[in-house]
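Only one structure is covered here, and it is reproduced in the block below.
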Amino acid sequence: MDKSPAPIEEVIPHLKSEYPDARTELNWTTPLDLLVATILSAQSTDVRVNKVTEVLFDKYQTAEDYAAADTAQLEDDVRPAGFYRNKTKSIQGMARALISDHDGRVPRAMNDLVALPGVGRKTANVVLGNAFFIDEGIVVDTHVRRLSNRLGLTKEQDPEKIERDLVKIVPKTDWTVFSHLLILHGRRVCKARKPDCPNCILNDICPSADLS
DNA sequence: CTCCCGATAT
DNA sequence: ATATCAGGAG
């Protein structure tokens with residue numbers, strides 16, 4: 001007998017009052033910056049990514065810069081973020097695709113974004129929502145998945161199936177901020193290993209709350 | 001499904 | 001020591 005899911009119409013206002021300035025914690029200025037930072041963010045912390053991009057964005061500004069970069073040098077720059085060979089290959093492949101197919105610019109369409117090397121639906125949603133203010137979908141990363149499961153908003157584990165459940169219950173105008181709210185709350189309170197349920201603003205409506 | 005990979009928290 | 005971190009490709 002599982003408990004009822006947390007009502008979304010209460011979850012969102014509660015989290016908005018807790019995190020009124022919710023936005024990405026990745027540092028970026030241009031859409032290309034954000035695309036690179038998001039590729040680097042796979043299985044890495046935002047703090048670590050920001051440390052890497054602080055160096056990276058000084059050396060490379062355009063798709064041409066990344067495409068022309070010495071691969072071994074770029075790997076050295078990327079290394080602290082982890083998966084450095086895959087990520088370097090993705091960044092340079094993505095940069096070449098931007099040059100050959102999109103005049104060196106970051107495209108604003110989901111289909112074009114996910115066609116880029118190293119860019120999946122999660123990364124595409126980050127770029128669309130934050131760089132272009134297009135609520136095309138909901139970013140489902142490790143935090144959004146974990147909190148959505150704990151709150152009972154979905155029973156799915158596959159990110160695309162979770163997104164399909166979430167877009168049905170979250171107002172479209174909140175799609176981008178919603179993922180930021182869950183990500184921030186996931187980092188600070190509803191952590192993977194030791195969730196701080198006693199200090200969680202959602203503990204009275206969360207079916208997974210452990211107040212012992 | 002496995003592999004990719006370094007840094008940090010527990 | 002081990003789980004985890006703004007995933008994606010083969």
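Because the structure is predicted, anything quoted here is derived from the model rather than measured. Below, chains carry the letters A, B, ... as their sequence lines are ordered, and counting in each starts from 1.
Using a 4.0 Å cut-off between charged side-chain N and carboxylate O, R187(A) and E25(A) make a salt bridge. A salt bridge does not link R164(A) with E156(A): every distance from a Lys NZ or Arg NE/NH1/NH2 to an Asp or Glu carboxylate oxygen is 4.0 Å or more.
For R193(A) against dT4(C), no side-chain N or O and base N or O form a donor-acceptor pair under 3.5 Å.
Side-chain N/O atoms of R85(A) include none lying less than 4.0 angstrom from OP1 or OP2 on dC3(B). An OP1 or OP2 oxygen of dG8(C) is reached within less than 4.0 angstrom by a side-chain nitrogen or oxygen of T123(A). Here R187(A) does not reach the OP1 or OP2 of dC5(C): none of its side-chain N or O atoms lies under 4.0 Å away. OP1 and OP2 of dC5(C) both lie 4.0 Å or more from every side-chain N or O belonging to R48(A).
The gap from the P atom of dA6(C) to that of dA9(B) amounts to 12 Å, rounded to the nearest Å. dG8(C) and dA7(B): their P atoms are spaced 22 Å apart (whole Å).
Atom CZ in R188(A) sits roughly 17 Å away from atom C1' in dT4(C) (whole-Å rounding).
Stacking is not found between F83(A) and the pyrimidine-like six-membered ring of the dC5(B) base under the 5.5 Å centre-distance and 30° plane-angle cut-offs.
Within 4.0 Å of R145(A), counting heavy atoms only, lies no atom of the nucleic acid at all. Within 4.0 Å (heavy atoms only), N86(A) reaches at least one base atom of the nucleic acid. Residue T142(A) is classed as a sugar-phosphate contact, given heavy-atom separations below 4.0 Å to backbone atoms only. Among the heavy atoms of the strands, none lies under 4.0 Å from V144(A).
For the pair H14(A) and I201(A), the tightest heavy-atom approach, listed with the atom from each and the gap, is O-CD1, 3.7 Å. When all heavy atoms of E163(A) and N125(A) are compared, the closest pair comes out as OE2-ND2, 3.2 Å.
Within the 4.5 Å cutoff, the side chain of L153(A) has heavy atoms near those of the L166(A) side chain.
Mapping T38(A) and L116(A) onto DNA chain C by nearest heavy atom places T38(A) closer to the 5' end of the strand. Heavy-atom nearest nucleotides on DNA chain B were determined for K51(A) and for Y84(A), and the one closer to the 5' end corresponds to Y84(A).
Using a 4.0 Å cut-off on heavy atoms, the residues of residues 11-33 of chain A that approach DNA chain C are T24(A), E25(A), L26(A), listed by number.
A donor-acceptor distance shorter than 3.5 angstrom exists from the side chain of N50(A) to the backbone of N27(A), with no hydrogens or angles considered.
For residues 34-77 of chain A, the pairs satisfying ring pair (Phe, Tyr, Trp, His ring centres under 6.0 Å) are Y60(A)-Y66(A), with sequence neighbours left out.
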